[in-house]
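One-based numbering along the sequence shown. The figures here come from the full heavy-atom set of this structure, side chains too, leaving out hydrogens, waters and symmetry mates. The structure displayed is predicted, hence computed values, not measured ones.
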Amino acid sequence: MENGVIELNNLLAAYPIKEISKEHISEIEERYQISLVHEFRLNLEEFYAVYLNFCLSNKSLNDDDIASLSHLKFLLSLNDETVEKLNHKIGEIVYKKCFEKVIHIAHGILTKEEEAFLEKMEKDLKLPKTLVERFTSEISSNYIQKYAEKRINNLILSPDDEKEIKSIGKNLNIDIEKSFSDQIKKQLNQLKSYWAIENLPFTAFEPNIVIQKSEQCYFKIRSVNWYELRSIRQKPSFYNSNARVLKEFYLKPTSHKSMNHSNDYLKYIDRGDLYLTNKRIIFIGTVKNINIRFEKILKLTPKADGIEIDKEIGKAVVIQLPYNADEFALILERLIRERSI
């Protein structure tokens with residue numbers, strides 16, 4: 001019985017569809033004593049699907065293709081409902097591939113030829129408008145999300161990158177706010193802030209403490225906890241921290257333990273206000289005041305809610321901030337780096 005299906009497959013492959021008659025099909029059925037439409041319906045549907053996919057392989061569907069498909073439907077005794085289902089299934093696959101290609105090449109800006117092809121395919125295959133809108137929306141949302149994730153993985157979001165994301169959203173007619181998860185939106189906002197910290201001039205302000213005439217204050221935060229490591233460990237021989245390590249750490253979901261140190265390793269020193277100038281870290285505590293000059297800092301290690309600082313002399317310091325730990329760490333890193341230039 002399967003030989004009859006094999007012979008039909010060979011017949012369809014050997015001759016143009018419009019040259020095959022219903023009598024050819026009947027001859028195969030009589031020879032093998034089978035009813036193809038009743039016993040091998042799935043195989044017939046597959047033959048139609050393969051030929052439809054072939055017609056669409058060159059990204060066009062001309063009048064001759066449509067006539068051949070209509071004749072093939074007649075030869076295989078397929079009903080309208082079955083053909084419509086296959087048209088939607090194969091048409092969706094090809095439409096998606098074409099649309100995805102357009103998006104990756106030009107961020108969703110279609111040429112007139114591409115627009116005409118997609119519109120014709122939608123019309124010829126009778127693809128429902130709701131179906132087309134659904135999978136184009138899914139493809140567009142996935143694309144812009146992957147684009148944003150690429151910026152996040154690269155740890156850079158410049159103003160030009162922001163404009164590009166907005167432009168892509170406009171081209172694809174999608175709502176960026178709805179397309180991005182809360183985590184992606186948060187990370188993009190972080191990267192936007194990080195770019196400003198790394199590239200724009202800092203804004204100085206008058207602190208409510210006495211600083212040197214040559215100093216400018218760029219950062220202040222209250223309710224900061226100051227700790228020291230209980231033991232002295234081997235120190236780096238020179239300053240070797242960088243902004244990329246800090247950004248990569250602070251962009252991660254805050255699933256790490258607070259401070260990343262157990263109480264066995266930390267000694268609480270004081271609580272107070274923290275200032276950052278162009279020369280030093282200033283801590284004004286309830287018990288004591290502490291200063292760390294930038295030239296004495298050897299390493300910055302990010303913590304979930306703060307920063308660990310290795311110094312030339314003495315024990316390492318761990319500063320715990322109630323918020324904006326990433327902002328403080330990146331401003332500090334830039335000031336140290338610019339001082340050493």
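- Under the salt bridge (charged side-chain N to carboxylate O under 4.0 Å, His left out) criterion, Glu312 pairs with Lys296, sequence neighbours left out.
- Partners of Tyr194 by ring pair (Phe, Tyr, Trp, His ring centres under 6.0 Å), not counting sequence neighbours: none found.
- Residues in residues 282-293 take part in these side chain to side chain donor-acceptor pair (under 3.5 Å) pairs, two or more places apart or across chains: Asp270-Thr286, Arg280-Asn291, Arg293-Glu295.
- Listed for the Thr136 side chain is a donor-acceptor partner under 3.5 Å among the backbone atoms of Val132.
- Under the 4.0 Å criterion applied to side-chain N and carboxylate O atoms, Glu138 and Arg134 are assigned as salt-bridge partners.
- Under the ring pair (Phe, Tyr, Trp, His ring centres under 6.0 Å) criterion, Tyr268 pairs with Tyr227, sequence neighbours left out.
- For Phe180, there are no ring pair (Phe, Tyr, Trp, His ring centres under 6.0 Å) partners, not counting sequence neighbours.
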Could you tabulate the donor-acceptor pairs under 3.5 Å formed by side-chain atoms of residues 203-214, not counting sequence neighbours?
| from | atom 1 | to | atom 2 | distance (Å) |
| --- | --- | --- | --- | --- |
| Asn208 | OD1 | Tyr275 | OH | 2.4 |
| Ser214 | OG | Lys279 | NZ | 2.3 |

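- Remark: Ile168 CD1 to Ile144 CD1 distance equals 5.5 Å, nearest 0.5 Å.
- Under the salt bridge (charged side-chain N to carboxylate O under 4.0 Å, His left out) criterion, Lys120 pairs with Asp124, not counting sequence neighbours.
- Pairing each heavy atom of Ala325 with each of Asp305, the nearest pair is CB-C, 3.7 Å.
- Between Ile90 and Phe54, every side-chain heavy-atom pair lies at or beyond the 4.5 Å cut-off.
- With contacts defined as side-chain heavy-atom distances shorter than 4.5 Å, the pair Ile281/Val317 does not qualify.
- Scanning for salt bridge (charged side-chain N to carboxylate O under 4.0 Å, His left out) contacts around Asp161 gives Arg151, with sequence neighbours left out.
- Every pair passing salt bridge (Lys or Arg N to Asp or Glu O under 4.0 Å) that includes a residue from residues 319-333 is listed here, sequence neighbours excluded: Glu333-Arg337.
- Taking a cutoff of 4.0 Å between a charged side-chain nitrogen and a carboxylate oxygen, Glu100 and Lys96 do not qualify as a salt bridge.
- The backbone N or O of Gln320 lies less than 3.5 Å from no partner atom in the side chain of Asn225, so there is not a single donor-acceptor pair.
- The ring pair (Phe, Tyr, Trp, His ring centres under 6.0 Å) check on Phe47 picks up nothing, with sequence neighbours excluded.
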Side-chain donor-acceptor pairs of residues 67-74 under 3.5 Å, sequence neighbours excluded:
| from | atom 1 | to | atom 2 | distance (Å) |
| --- | --- | --- | --- | --- |
| Ser68 | OG | Asp64 | O | 3.0 |
| His71 | NE2 | Ile20 | O | 2.7 |
| Lys73 | NZ | Asp80 | OD1 | 2.2 |

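- Gln183 and Ser181 share no side-chain donor-acceptor pair at under 3.5 Å.
- Counting only distance, with no hydrogens or angles, the side chain of Arg230 and the backbone of Leu266 share a donor-acceptor pair below 3.5 Å.
- Residue pairs satisfying the salt bridge (Lys or Arg N to Asp or Glu O under 4.0 Å) criterion with at least one member in residues 237-250, sequence neighbours excluded, are listed as follows: Glu198-Lys247.
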